2 protein chains.
Amino acid sequence: MNEKSTILVVEDNLTTSKTLGIFLAAENYDVEFAFNGHDGIQRYLANRHDLILLDLMLPDVDGLQVCQSVRSHSDVPIVILTAKSTEDEIVEGLENGADDYVCKPFGAKELLARIRRCLRQKSGTPGKNQPIRVGEIELELERRLVKFMNEPIKLTKSEFEILSMLMRNPGRVFTRDQLIQTALGPSFDGYDRTIDTHIWSLRKKLGEPRGNPKYILSEPGIGYRLSDQHAH
Amino acid sequence: MNEKSTILVVEDNLTTSKTLGIFLAAENYDVEFAFNGHDGIQRYLANRHDLILLDLMLPDVDGLQVCQSVRSHSDVPIVILTAKSTEDEIVEGLENGADDYVCKPFGAKELLARIRRCLRQKSGTPGKNQPIRVGEIELELERRLVKFMNEPIKLTKSEFEILSMLMRNPGRVFTRDQLIQTALGPSFDGYDRTIDTHIWSLRKKLGEPRGNPKYILSEPGIGYRLSDQHAH
DNA sequence: ACTAGTTTGTCAGATCCATGTCAGAAAAAT
DNA sequence: ATTTTTCTGACATGGATCTGACAAACTAGT
């Protein structure tokens, strides 16, 4: 799974902070709090969160100064969240480097959507193109790319489908019929041991030693599975 | 200083369009208008504006569809500007790739600030007007210009769209349907191997040796991809 | 330990199917 | 009207897939 995004909430009002914390945690963000501007800047510099939620009314420094100060260090997305809702204030916030400006009382869903938008924009691609890794094997679902010992190897369509199915569930045993079903399509109607041939060529391409494969294991009487010994 | 930024306003209401035109012109933007969704997409593809202001209520296509359609071609900033102001509508807009969502009645200064914010963000990010480079191939999205071995080469519209899609995601495999979708438009309804012909002429123009292409690789059973070996 | 029975490993063809290739028709742009 | 671009269809080719046959490994019963 993707790593959690971290969010720094800079807000002096404890009730608001708590509420935000609950919303954000529910969306699987890692949240850290600061209760004044100074603290906010310090914490950001120390931990470099993925996004900052910033209240403008802070006990010590003005929120806009916090904004500028952070901006001088980094392009981290900053979402201003405040009761100051006149047009001039909004304009000022945006001109000072904020990435979005949400007025209290805010709708949770809208705020979350705007946060997602900011994070999406910064991280470039939204998708999960992280490779699955099992031992020396690395598989990128999106790009349909497989590396073994950090070298790209060429798999046929069926080989890729089978390996991908096994790697998405390391350790789980699949029957030949299950592998046929999802790798070769439900319309396949033939010899179920065709799978064995594909497994054979996969093993060859993965340099499995004859007789005692390290990754793709046979389950006599059932089917095949990927060893989960090497999953970390 | 920079050239003027160009803005495409997609809005069916003539009064609103006029008002926006006055505001935007006063801020020294070049403005073009479209009065329905179809026209909007066409004009964007033809002129590649720097930003799109999009009304959701259009006579023909749904605004969100316009949004998605444009998104499949480009990362141009899209600001949705509409009377639909429930939270769910805002969330939906942002999830569909919009960069901001401003509700009518809007404040001119706020809108302009949000537009500036979008433009600032995009121009700040690394590759906007910079060409994408993969090996000897160089592609400028804005100017729709392609160079191979530093020599400009002439591509047809479809060829450009396909190459651009591949180059924006080196290494990623695209199915023929995906390529058709964004290169030839969603209304295309025909033989999917038409793509092969375009790939063939692209390869010819890129001087690919017969039999073992260096850049545009086939993924039998799936589609095509651009080799990422030469990306650096 | 031996054997019969079952299951998987291995691999060489035969077959199948996806892609490469290109010419000409159809459509669109100029 | 002429040129350019797009699309379709046909054929050839080579790689991918499937099958089947045999060898090897394993299992269980005697």
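Nothing here was measured: the structure is a model prediction, and the numbers come from that model. We use all heavy atoms of the structure for the numbers below, so side chains are in, but hydrogens, waters and symmetry mates are not. Every chain is numbered from 1 and lettered A, B, ... according to where its sequence line falls, protein lines coming before strand lines.
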Roughly how many Å is it from [atom1] in [X] to [atom2] in [N], rounded to a whole number?
| X | N | atom1 | atom2 | answer |
| --- | --- | --- | --- | --- |
| B/Arg225 | C/dT19 | CZ | P | 13 Å |
| A/Asn212 | C/dG9 | CG | C1' | 13 Å |
| B/Ile162 | D/dT5 | CD1 | P | 14 Å |
| B/Phe160 | D/dT4 | CZ | C1' | 18 Å |
| A/Glu219 | C/dT8 | CD | P | 10 Å |

* Asked: For every nucleotide of nucleotides 7-25 of chain D, 5' to 3': is a protein heavy atom under 4.0 Å from its base (B), only from its sugar-phosphate (S), or from neither (-)?
  -> BBB------SSSBB-----
* Could I get the full list of salt bridge (Lys or Arg N to Asp or Glu O under 4.0 Å) partners for A/Glu219, not counting sequence neighbours? =>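 Once residues adjacent in sequence are excluded, the partners of A/Glu219 under the salt bridge (Lys or Arg N to Asp or Glu O under 4.0 Å) criterion are A/Arg225.
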* Taking only residues two or more places apart in sequence or in another chain, which ones pass salt bridge (Lys or Arg N to Asp or Glu O under 4.0 Å) with A/Arg210? -> none
Tell me which donor-acceptor pairs under 3.5 Å the side chains of residues 51-64 of chain B have, and how far apart each pair is, sequence neighbours excluded?
| from | atom 1 | to | atom 2 | distance (Å) |
| --- | --- | --- | --- | --- |
| B/Asp55 | OD1 | B/Met57 | N | 3.2 |
| B/Asp60 | OD1 | B/Gly37 | N | 2.8 |
| B/Asp60 | OD2 | B/Gly37 | N | 3.4 |
| B/Asp60 | OD2 | B/His38 | N | 3.0 |
| B/Asp62 | OD2 | B/Leu64 | N | 3.4 |

* Identify, with sequence neighbours excluded, every residue that meets side chain to side chain donor-acceptor pair (under 3.5 Å) alongside B/Thr86. =>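 Result, side chain to side chain donor-acceptor pair (under 3.5 Å) vs B/Thr86: B/Glu89.
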* For B/Lys109, all residues meeting side chain to side chain donor-acceptor pair (under 3.5 Å), sequence neighbours excluded ->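 Applying side chain to side chain donor-acceptor pair (under 3.5 Å) to B/Lys109 gives A/Asp88.
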Under a 4.5 Å cut-off applied to non-hydrogen side-chain atoms, are [X] and [Y] in contact?
| X | Y | value |
| --- | --- | --- |
| B/Leu24 | B/Val9 | yes |
| A/Cys118 | A/Val79 | yes |
| A/His49 | A/Ile7 | no |
| A/Ile199 | A/Arg203 | yes |
| B/Leu139 | B/Ser164 | yes |

* **Electrostatic pair B/Asp228:B/Arg172 at N-O distance under 4.0 angstrom** =>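 No, this pair does not count.
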* **N-O pairing of B/Glu110 and B/Arg114 below 4.0 Å** => yes
* To do: For the residue pair B/Ser85 and B/Tyr101, confirm or rule out a side-chain donor-acceptor distance under 3.5 Å.
  => no
* To do: Report yes or no: do B/Ser201 and B/Glu159 form a side-chain donor-acceptor pair below 3.5 Å?
  => yes
* To do: Could you note down all residue pairs passing salt bridge (Lys or Arg N to Asp or Glu O under 4.0 Å) where residues 181-202 of chain B supplies at least one of them, sequence neighbours left out?
  =>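 Residue pairs with at least one partner in residues 181-202 of chain B: B/Arg176-B/Asp196, B/Arg193-B/Asp196.
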* To do: For residues 17-28 of chain B, pull every pair meeting salt bridge (Lys or Arg N to Asp or Glu O under 4.0 Å), keeping only residues two or more places apart or in separate chains.
  =>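 Output for this query lists B/Glu27-B/Arg116.
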* To do: Check whether any side-chain N or O of A/Tyr224 sits under 4.0 Å from OP1 or OP2 of C/dG9, and answer yes or no.
  => yes
* **5′-ward residue of the pair A/Ile222/B/Ile216 relative to DNA chain C** => A/Ile222
* Contacting residues from residues 199-210 of chain A, given that a heavy atom lies under 4.0 angstrom of DNA chain C -> A/Trp200, A/Arg203, A/Arg210
* To do: Kindly calculate the angle separating the two end axes of the helix from C/dA1-D/dT30 to C/dT30-D/dA1, each obtained from five base pairs, and round it to 10 degrees.
  =>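 Between the axes fitted at each end of the helix from C/dA1-D/dT30 to C/dT30-D/dA1 lies an angle of 40°.
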Is there any protein nitrogen or oxygen under 3.5 Å from a nitrogen or oxygen in nucleotides 25-30 of chain C, and what are the pairs?
none

* Asked: Got a sec? Which of residues 33-44 of chain B come in under 4.0 Å of DNA chain D, heavy atoms?
  ->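 By residue number: none to list.
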